[in-house]
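Structure, as structure tokens:
Every chain is numbered from 1 and lettered A, B, ... according to where its sequence line falls, protein lines coming before strand lines.
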Protein chains: 2
Amino acid sequence: MPEPVPELCRRIRQNELFSHLYMERQTTIKDIAVALRLSKSTVSRALRDAPDIKIETKKAVKALAEELDYQPNKLALSLLNRQTHTIGVIIPNLDYVLSTMVKGIDEVALEAGYTVMVCQSDESFGREIVNTKRLLESLVDGFIVSVSSETKVFEHIKKIQNKKIPLVLFDRVVNHISCPSVRLDNIAGGVLATQHLVDQGYKRIAILAGPENLNISNKRMEGYLQTLKLNGLRPDKRMIIHCDFNQQYAYEATKELLAMKQPPDAIFTISDRMAIGAMLAIKEKGLQMPDDIGLVGFNNEPVTSLVSPSISSVEMYAFEMGKATAKLFIEMLNSDDTMAHQEIVIKPKLFIRESSKRIITKKDRNNSA
Amino acid sequence: MPEPVPELCRRIRQNELFSHLYMERQTTIKDIAVALRLSKSTVSRALRDAPDIKIETKKAVKALAEELDYQPNKLALSLLNRQTHTIGVIIPNLDYVLSTMVKGIDEVALEAGYTVMVCQSDESFGREIVNTKRLLESLVDGFIVSVSSETKVFEHIKKIQNKKIPLVLFDRVVNHISCPSVRLDNIAGGVLATQHLVDQGYKRIAILAGPENLNISNKRMEGYLQTLKLNGLRPDKRMIIHCDFNQQYAYEATKELLAMKQPPDAIFTISDRMAIGAMLAIKEKGLQMPDDIGLVGFNNEPVTSLVSPSISSVEMYAFEMGKATAKLFIEMLNSDDTMAHQEIVIKPKLFIRESSKRIITKKDRNNSA
DNA sequence: TCTTTTCCGTTTAACGGTTAATATTACACC
DNA sequence: GGTGTAATATTAACCGTTAAACGGAAAAGA
């Protein structure tokens with residue numbers, strides 16, 4: 001005949017029985033079941049307040065669970081429910097913009113009960129493939145991806161979609177892939193920067209664009225071209241330089257630009273890193289910003305306001321973008337029907353600083369003209 | 001009577017049978033077993049090249065596995081083997097130094113077959129606790145932790161240890177906790193910076209230290225104090241400012257320093273962010289670096305060579321530190337005995353730049369004296 | 001012919017949890 | 001005394017995998 005439950009609990013609490021339960025292994029439902037002479041399922045249901053368990057039993061189970069610091073094994077649950085509450089995040093690197101975005105993703109995910117696994121592809125297509133494979137194996141509940149600049153083939157992304165695994169693209173969105181996404185209005189960013197330079201009276205505006213196949217770079221350039229045309233300025237191919245997202249390349253490209261017969265009187269770089277590179281070359285040449293030459297960057301990294309002269313830059317709200325991405329992702333998870341692929345587009349804003357702000361205002365310029 | 005295996009394979013390949021296997025669900029070992037009229041475990045052993053399976057059988061199994069894109073379910077394996085091949089990484093934020101370290105950790109972990117889960121505490125004690133709990137629930141195989149600046153109580157860390165879960169601390173190491181760790185020789189860093197300033201002829205050297213309870217900050221200060229004494233300079237309490245790791249605070253603190261009757265003629269900041277803040281205040285005051293005042297930062301962030309004047313800084317080899325940490329961690333996992341807690345200490349190196357390099361060399365100074 | 005070995009597989013249990021179907025018990029009612 | 005019905009607990013199956021123990025048949029040895 002089994003002992004009465006309260007007495008048993010007392011003995012367990014006082015460690016007279018089952019002292020092995022206090023060992024290294026995590027307590028399981030089975031331990032509690034054995035201790036209280038109940039079946040596994042009774043314990044399970046008691047913990048989850050099922051209606052058909054006696055109140056006394058529930059109390060005893062819960063007390064012992066508390067006592068033994070019982071915690072359900074997530075692995076077992078995941079196996080059963082086919083979900084891991086984990087989001088796989090693939091990003092090309094951990095630079096300022098992306099780590100800020102990850103921060104945003106992390107924050108929202110945490111709140112929604114998800115843990116993120118961040119993998120960096122390091123701008124390498126090969127590593128992106130490996131990361132994708134890894135995360136697929138890890139059975140993440142879904143993917144949040146920003147592709148590397150090397151990525152020109154998207155089979156690995158399509159594989160995710162074929163398996164009907166939720167996917168959100170962000171920042172570096174891919175046109176060939178149709179899925180929910182969050183991105184900056186890069187054209188608008190290009191327009192903002194270029195129009196500002198035009199407004200400040202610059203006439204020969206060069207652009208340091210990123211790698212040729214990178215969508216975000218091309219869109220920013222599109223904005224640049226549109227704005228030139230709109231203002232009656234003829235785009236000049238020699239003023240358009242493609243180079244890696246890299247300070248060194250930007251430095252060298254700028255040096256070449258400045259060595260031209262008719263050098264530019266303003267430069268728009270599609271990242272702040274590149275703006276810094278450009279700035280070094282400009283200073284080396286002995287030119288003054290904003291008088292001799294104007295400079296506008298992109299991303300609005302803190303460094304832009306730290307250097308001298310401070311650099312005008314286009315803010316892309318990376319943190320908010322990260323949050324929006326995670327929110328969209330979670331929304332998608334919760335809507336069981338395959339969601340119409342929503343596209344969230346963030347509007348950029350230009351922060352004007354010393355590098356491009358000539359003293360003359362628009363009005364002044366009109367008067368003097 | 002069961003059909004001969006090759007014939008069966010053919011039919012499966014041609015989708016005559018079991019077309020449901022081509023459905024959304026991942027193929028399992030059971031699917032293969034049913035298809036080939038074998039038992040689950042035979043399939044399992046065939047896939048793993050167990051010796052007591054007929055070669056023909058193995059071939060058939062492997063062929064079908066390939067065909068159906070079979071991939072073992074990690075969750076099931078983890079449940080069985082009690083290991084998830086996942087490392088929980090807790091860091092206070094994703095600034096330049098830490099993201100570089102995470103890059104290093106990630107690289108080594110990936111190679112060793114581990115995936116990392118990065119959680120940011122955002123310098124908040126509360127979030128650090130939450131993160132720890134989450135990762136414990138996720139049953140990570142171990143922890144790599146750098147504590148937040150708010151953390152003064154370490155019960156959550158001890159809890160990890162009590163559960164005998166492998167733990168490595170890095171960068172912000174905690175004295176009260178005895179475990180393998182990787183950190184910078186912060187005292188040496190403080191010595192390098194201070195001795196350099198002394199060598200350059202600066203006499204009244206101030207220090208912008210970080211939060212009071214932050215070990216790394218205090219150690220750097222210790223190096224500073226030691227060096228002053230060694231060189232016969234008397235430390236002055238008014239020259240020691242504790243403030244948050246934050247550019248704004250550093251800016252204000254520097255303004256106050258410079259407003260003193262006897263202001264410092266050099267400032268050592270224990271981060272580059274703070275150095276930038278200090279620099280802004282110095283420029284605002286109209287002082288010239290390095291002539292009127294010297295400045296040395298810490299971390300050797302890229303920004304130090306981008307600003308003008310460029311800032312001398314102590315390099316802490318963040319990427320290598322990250323790699324070393326992950327290596328130590330994996331080594332620990334593989335050595336089943338509780339490892340004697342190894343402590344890896346990285347030696348810093350000073351990079352001298354414009355902000356502190358007076359033209360005079362040591363020899364010049366001796367001559368003129 | 002009977003036992004032993006070898007070969008090739010299968011069965012079972014386990015990991016830790018949930019859940020649907022099934023007992024068991026007690027009590028009221030006819 | 002049977003029957004119906006709550007109330008409560010148990011069994012067994014399942015998620016996907018592996019490891020240990022066991023099984024059956026054929027070949028080899030006595």
Next on the checklist: Categorize A:Leu77 for me: base, sugar-phosphate, or nothing, with a 4.0 angstrom heavy-atom threshold over every strand shown.
Outcome noted: sugar-phosphate
Checklist entry - When all nucleic acid strands are considered with a 4.0 Å heavy-atom cut-off, which category describes B:Gln83: base, sugar-phosphate, or nothing? => result nothing
Checklist entry - Which residue, B:Asp52 or B:Leu80, contacts DNA chain C at a nucleotide closer to its 5' end, judged by nearest heavy atom? => result B:Asp52
Would you say [N] has OP1 or OP2 under 4.0 Å from some side-chain N or O of [X]?
{"X": "B:Thr57", "N": "C:dG9", "answer": "yes"}
{"X": "B:Thr28", "N": "D:dG16", "answer": "no"}
{"X": "B:Ser41", "N": "C:dT10", "answer": "no"}
{"X": "B:Lys54", "N": "C:dG9", "answer": "yes"}
{"X": "A:Thr42", "N": "D:dA9", "answer": "no"}
{"X": "A:Arg48", "N": "C:dT19", "answer": "yes"}
{"X": "A:Arg45", "N": "D:dT8", "answer": "no"}

Next on the checklist: Please report the interatomic distance CG(A:Leu328) to CG(A:Leu169), rounded to the nearest 0.5 Å.
Outcome noted: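 If we round to the nearest 0.5 Å, A:Leu328:CG and A:Leu169:CG are 10.5 Å apart.
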Next on the checklist: Tell me if the side-chain of B:Lys40 makes a donor-acceptor pair with the base of D:dT17, cut-off 3.5 Å, by modelled atom types.
Outcome noted: yes
What is the distance from [atom1] of [X] to [atom2] of [N], rounded to the nearest Å?
{"X": "B:Asn81", "N": "D:dT18", "atom1": "CG", "atom2": "C1'", "value": "8 Å"}
{"X": "B:Lys59", "N": "C:dC8", "atom1": "NZ", "atom2": "C1'", "value": "17 Å"}
{"X": "A:Leu38", "N": "C:dA23", "atom1": "CG", "atom2": "P", "value": "20 Å"}
{"X": "B:Glu56", "N": "C:dC7", "atom1": "CD", "atom2": "P", "value": "16 Å"}
{"X": "B:Lys58", "N": "C:dC8", "atom1": "NZ", "atom2": "C1'", "value": "11 Å"}
{"X": "B:Asn73", "N": "D:dC14", "atom1": "CG", "atom2": "P", "value": "17 Å"}
{"X": "A:Leu75", "N": "D:dT17", "atom1": "CG", "atom2": "P", "value": "14 Å"}
{"X": "A:Leu79", "N": "C:dT19", "atom1": "CG", "atom2": "C1'", "value": "15 Å"}

Checklist entry - Under 3.5 Å, side chain of B:Ser78 to main-chain N/O of B:Gln83, donor-acceptor pair present? => result yes
Next on the checklist: B:Glu343 and side-chain contact (heavy atoms from CB on, under 4.5 Å): which single residue from B:Ser181, B:Cys179, B:Pro180, B:Ser178 fits?
Outcome noted: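 Exactly one candidate clears the test, B:Ser181.
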Checklist outcome for this item: Result for salt bridge (Lys or Arg N to Asp or Glu O under 4.0 Å) between B:Arg172 and one of B:Glu150, B:Glu123, B:Glu128 points to B:Glu123
Checklist outcome for this item: Heavy-atom nearest nucleotide on DNA chain D taken for A:Ile53 and for B:Pro72; more 5' hit belongs to A:Ile53
Item to check | Residues B:Lys323, B:Glu111: salt bridge by 4.0 Å N-O rule | outcome: no
